[in-house]
Amino acid sequence: MANPLYDTLFGRHAGSSMPFLHLAEGNSLSYDAFLRLTARFAHAICAEGLVPGDRLAAQIEKSSEALAVYAACAQAGIVFLPLNTGYTADEISYFLQDSGARLLLCDGSRRAALQAVAELAGARLMTLDADGTGALPDAARDQPETFTTVPRKADDLAALLYTSGTTGRSKGAMLTQSNLISNAQILTEYWRFTDRDILLHALPIFHTHGLFVATNIILLTGGSMIFLPKFDLDQVIALLPRATSMMGVPTFYTRLLDDPRFNRDLVAHMRLFISGSAPLLAETHVAFEERTGHRVLERYGMTETNMNTSNPYDGERRAGTVGFPLPGVDLKIADPQSGKPLPQGEIGLIEVRGPNVFKGYWNMPEKTAEELRADGFFITGDLGLIDNQGYVQIVGRNKDLIISGGYNIYPKEIELLLDEQPGVLESAVVGVPHPDFGETVVGFLVAQKGDTLDLDAIAQAASKSLARFKHPRRLIVLDELPRNTMGKVQKNVLRAEYAGLFTSG
Ligand code: MCA
Ligand code: AMP
């Protein structure tokens with residue numbers, strides 16, 4: 001195939017009048033209309049001087065046009081680099097510099113804030129607004145509706161997705177065309193998606209979950225998506241009767257369960273509910289079945305690996321587990337020190353290998369070597385076990401990571417910022433249970449001797465540099481941080497002591 005990703009997911013639908021996207025406004029976009037838009041965008045992007053292999057960074061609101069940017073990159077052989085819409089200019093600056101992106105696409109409302117960081121990084125800047133207008137659509141308006149697909153190899157990069165690191169520096173995970181295609185093919189079959197599926201899509205499209213898992217599956221099958229700008233409870237409840245399937249993070253399901261309109265009748269016709277990106281509490285799984293008669297299908301993945309495991313479609317979907325390794329994925333539970341496989345039932349580090357596993361971190365060979373073994377196994381940093389019936393259970397993390405509403409937050413990045421604030425001697429950031437987001441961020445601060453901390457000023461400094469979802473929801477001053485005999489901060493002590501901060505009374 002000339003360009004495996006484009007041909008497999010997009011090109012096959014050329015000329016198809018079947019619906020691809022059902023939009024919140026009530027209208028639908030056919031595959032053919034979407035591909036014509038894609039071709040015009042591909043011309044406009046290339047006219048900016050981008051050539052195959054260049055990176056295009058996009059911090060844009062979810063829309064059919066935003067999705068067409070992904071498709072246009074695939075068709076023009078450009079590496080797509082989607083960015084969380086919540087990131088600040090400081091954060092974007094790092095991604096542009098590190099990736100060497102040639103073009104930054106942003107919402108018109110952010111143009112003024114991002115112009116300087118784009119210039120600093122040597123990237124051009126174009127706008128694409130949530131309503132589909134902006135400089136890119138303007139430039140694309142008179143372009144041809146066909147574009148000669150750029151040949152690519154299966155091992156060429158399709159996307160660069162940044163994931164934070166334990167050092168506080170984000171790492172660009174290099175995903176190849178075949179990483180994406182192979183995972184979409186396996187999941188489509190495993191979860192029995194067909195062209196009759198209408199997927200309710202309320203996830204963001206700057207992460208693996210909404211962009212690759214959800215969208216690529218639908219593209220592969222020729223089904224359609226009810227494509228909502230974000231998760232809006234009323235809208236989701238109103239539109240569920242038109243859907244056959246839905247994918248979400250646990251927060252979607254707990255919010256639905258909190259609403260009495262979400263009942264058995266509303267979803268009796270549904271084929272499948274899938275959950276991932278964060279642990280689905282066993283109690284949510286049970287409550288969901290009691291309310292709706294459906295068992296949520298939980299699966300487990302990572303930015304670096306796409307999806308690794310899934311509960312079965314036909315067999316028992318077991319609460320508190322993430323199911324079995326997907327076909328083609330080798331999964332082992334390894335001793336954290338030696339990397340040797342542990343006997344069944346023992347807790348160790350989850351390692352995975354397969355066509356889904358990424359190529360490495362962009363420009364970080366040492367980091368890649370630390371996490372991706374020479375034999376192809378990727379060290380996930382998740383702690384788990386395999387039960388006596390082969391189900392994988394995730395029991396914790398060997399990495400200092402908070403997952404809030406499905407977004408990953410690395411404490412180190414926040415601690416580095418807190419430590420810089422006037423009067424702060426040291427800090428520790430931990431995740432504590434939260435009824436809506438699963439976990440949320442709490443910052444503990446110790447003042448320098450004789451200083452009184454200005455917590456409002458510290459919170460303001462955080463909001464200038466860090467995306468809203470990373471802000472500590474509470475800042476707490478302590479006389480000292482709990483430490484073990486080796487002097488290491490005991491975050492587990494803080495987590496345990498403050499576990500009820502948001503969940504009790
Ligand atoms: C929004 N806010 C958040 C979050 N989202 N704060 C913490 N954690 C979050 N996840 C901020 C808002 O800016 C707002 O700030 C306040 O919190 C409350 O906003 P709310 O309206 O309640 O939030 P929302 O807009 O409804 O968003 C919540 C959400 C959203 C629907 C759960 O975060 C979401 O769609 N999450 C999905 C993330 C996802 O797709 N993850 C996949 C990663 P203020 O108080 O100032 O107004 S891919 C992955 O993990 C792997 C590969 C995998 O396995 O899938
Ligand atoms: P990300 O770096 O955003 O790709 O997030 C990947 C991490 O999310 C994994 O390493 C896990 O810690 C977590 N994760 C994803 N799916 C699940 C799940 N079903 N249960 C528990 N944790 C999950």
Side-chain angles (χ1 to χ4, degrees), residues 62 82 84-87 161-166 170-171 173 175 179 183 187 201-215 228-236 247-256 274-282 284-285 296-311 317 319-323 349-352 356 358 371 378-384 392-410 431 434-441 459 462-463 466-473 502:
K62 184 176 170 187
N84 192 316
T85 46
Y87 286 145
L161 259 59
Y162 276 83
T163 125
S164 295
T166 40
S170 285
K171 302 166 286 184
L175 293 155
N179 290 152
N183 214 233
L187 295 174
H201 191 304
L203 289 158
I205 52 168
F206 44 70
H207 277 311
T208 294
H209 197 163
L211 183 63
F212 301 141
V213 184
T215 306
L228 303 179
K230 60 173 287 210
F231 182 87
D232 175 286
L233 186 64
D234 291 336
Q235 214 170 25
V236 167
M247 291 183 193
V249 296
T251 301
F252 285 18
Y253 296 119
T254 51
R255 286 186 182 183
L256 283 167
I274 298 176
S275 178
S277 307
L280 184 77
L281 294 181
T284 309
H285 194 284
V296 178
L297 186 155
E298 187 173 7
R299 59 47 173 192
Y300 157 61
M302 281 186 80
T303 301
E304 289 91 332
T305 64
N306 299 284
M307 299 304 101
N308 296 314
T309 73
S310 172
N311 269 280
R317 298 176 194 168
T321 81
V322 291
L349 266 177
I350 300 176
E351 296 191 14
V352 291
N356 51 318
F358 76 144
E371 294 178 32
F378 176 69
I379 307 167
T380 62
D382 291 310
L383 292 167
V392 177
Q393 273 177 42
I394 299 177
V395 299
R397 300 178 201 129
N398 197 32
K399 49 191 174 189
D400 196 10
L401 164 70
I402 300 167
I403 304 184
S404 166
Y407 288 150
N408 284 11
I409 300 164
Y410 277 82
H434 189 273
D436 187 28
F437 290 133
E439 277 184 292
T440 199
V441 182
S463 56
L466 300 172
R468 172 75 183 118
F469 70 89
K470 298 178 190 169
H471 297 179
R473 290 302 197 253
F502 295 92

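Note that ligands are numbered from 1 as they come in the structure, with each ligand's atoms numbered from 1 the same way. Note that the numbering runs from 1 along the sequence shown for the chain.
- Taking NE2 of H207 as the start and OG1 of T303 as the end, the distance is 7.0 Å to the nearest 0.5 Å.
- In this structure, atom 10 (N) of ligand 1 is in close contact with the protein, since a protein heavy atom lies within 4.0 Å of it.
- Proximity of F469 to ligand 1, defined as any heavy-atom pair under 4.0 Å, is shared by backbone and side chain alike.
- A heavy-atom distance below 4.5 Å is not found between the side chains of R473 and H434.
- Residue K399 has at least one nitrogen or oxygen atom sitting less than 3.5 Å from a nitrogen or oxygen atom of ligand 2, judged on distance alone.
- With hydrogens left out, the protein atom closest to atom 3 (O) of ligand 2 is N408 ND2, 2.9 Å, a heavy atom.
- Of all heavy-atom pairs spanning G301 and M307, the tightest one is CA-CE, 3.7 Å.
- Formation of a donor-acceptor pair under 3.5 Å by the N84 side chain with backbone atoms of F206 is not found in this model.
- Contact atoms of ligand 2 toward M302: 4 (O), 6 (C), 9 (C), 10 (O) (distance under 4.0 Å to a heavy atom of the residue).
- With a 4.0 Å cut-off on non-hydrogen atoms, R468 touches ligand 1 through its side chain and not its backbone.
- Listed for the E439 side chain is a donor-acceptor partner under 3.5 Å among the backbone atoms of I403.
- Scanning the protein heavy atoms around atom 23 (O) of ligand 1, the nearest turns out to be R255 NH2, 3.8 Å.
- With S277, G438, G405 as candidates, the residue nearest to atom 53 (C) of ligand 1 on a non-hydrogen basis is S277.
- F212 has its side chain within reach of L175: a pair of non-hydrogen atoms, C-beta onward, lies under 4.5 Å apart.
- Given atom 19 (O) of ligand 1, the protein heavy atom at minimum distance is F437 CZ, 4.5 Å.
- In terms of polar-atom proximity, Y300 is not counted as a contact of ligand 2, lacking any N or O under 3.5 Å from an N or O of the ligand.
- No heavy atom of G210 sits closer than 4.0 Å to any atom of ligand 1.
- For the ligand labelled ligand 1, residue R299 lies inside the 4.0 Å heavy-atom shell.
- Two residues are said to be in side-chain contact when any heavy atoms from C-beta on lie closer than 4.5 Å; S277 and R299 meet this criterion.
- Residue S275 has no nitrogen or oxygen atom sitting less than 3.5 Å from a nitrogen or oxygen atom of ligand 2, judged on distance alone.
- Some N or O of R299 is nearer than 3.5 Å to an N or O of ligand 2, by distance alone.
- Atom 13 (C) of ligand 2 has I403 CD1, 3.4 Å as its closest protein atom, hydrogens excluded (heavy atom only).
- Considering I409, N306, D382, V322 only, the shortest heavy-atom separation from atom 10 (O) of ligand 2 involves D382.
- Proximity of M302 to ligand 1, defined as any heavy-atom pair under 4.0 Å, is confined to the backbone N, CA, C and O atoms.
- Those atoms of ligand 2 that come under 4.0 Å of a heavy atom in E298, given as number and element, are 18 (C), 19 (N), 20 (N).
- Given atom 21 (C) of ligand 2, the protein heavy atom at minimum distance is P279 N, 3.4 Å.
- In this structure, L297 and S310 have side chains that are in contact, with non-hydrogen atoms separated by less than 4.5 Å.
- Formation of a donor-acceptor pair under 3.5 Å by the T215 side chain with backbone atoms of G210 is found in this model.
- Here the side chain of T284 pairs no donor or acceptor atom with the backbone of T254 at under 3.5 angstrom.
- In this structure, G405 and T251 approach most closely via the heavy-atom pair CA-OG1, 3.5 Å.
- Side-chain atoms of T163 and N408, non-hydrogen and from C-beta on, never get closer than 4.5 Å to each other.
- The shortest contact between atom 17 (C) of ligand 2 and any protein heavy atom is with A278 N, 3.7 Å.
- Protein non-hydrogen atoms do not reach within 4.0 Å of atom 47 (O) of ligand 1.
- For atom 35 (O) of ligand 1, the closest heavy atom belonging to the protein is P204 CD, 3.6 Å.
- Those atoms of ligand 2 that come under 4.0 Å of a heavy atom in I394, given as number and element, are 20 (N), 21 (C), 22 (N).
- Interface of T303 with ligand 1, defined as ligand atoms under 4.0 Å from a residue heavy atom, comprises 52 (C).
- Not a single heavy atom of T208 sits under 4.0 Å from any atom of ligand 2.
- Closest to atom 33 (O) of ligand 1, if we only count protein heavy atoms, is Y407 CE1, 3.4 Å.
- Classified by interplanar angle (parallel below 30°, tilted 30° to 60°, perpendicular above 60°), the ring pair F378/F358 is perpendicular.
- Listed by number with element, the atoms of ligand 1 under 4.0 angstrom from any heavy atom of T251 are 32 (C).
- Looking at R255 and D436, their side chains come closer than 4.5 Å, going by heavy atoms from C-beta outward.
- The shortest N or O to N or O distance between Y300 and ligand 1 is not below 3.5 Å.
- Looking at every heavy atom in both residues, G323 comes nearest to N311 through N-ND2, 3.4 Å.
- Put simply, the side chain of L349 reaches to within 4.5 Å of the side chain of L383, judged on heavy atoms.
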**Request:** Might you work through the side chain to side chain contact (heavy atoms under 4.5 Å, CB included) test for K399 and Y410, ending with a clear yes or no?
**Result:** CA-CA 9 Å; K399 49 191 174 189; Y410 277 82; 3.9 Å; yes
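- With hydrogens left out, the protein atom closest to atom 25 (O) of ligand 1 is K230 NZ, 3.0 Å, a heavy atom.
- The protein heavy atom nearest to atom 16 (C) of ligand 1 is R473 NH2, 3.7 Å.
- Close approach to T303 involves these atoms of ligand 2, each under 4.0 Å from a residue heavy atom: 1 (P), 2 (O), 3 (O), 4 (O).
- Looking at atom 8 (N) of ligand 1, its nearest protein heavy atom turns out to be S404 OG, 2.5 Å.
- Here T305 contributes atom OG1 and N179 contributes atom CG; the two are 9.5 Å apart, rounded to the nearest 0.5 Å.
- Counting only heavy atoms of the protein, atom 16 (N) of ligand 2 lies nearest to S277 N, 3.2 Å.
- Among protein heavy atoms, the minimum distance from atom 41 (N) of ligand 1 is reached at G406 O, 2.9 Å.
- For the pair N356 (side chain) and N306 (backbone), a donor-acceptor distance under 3.5 Å is absent.
- Only the side chain of F252 comes within contact range of ligand 1, with a heavy atom under 4.0 Å; no backbone atom does.
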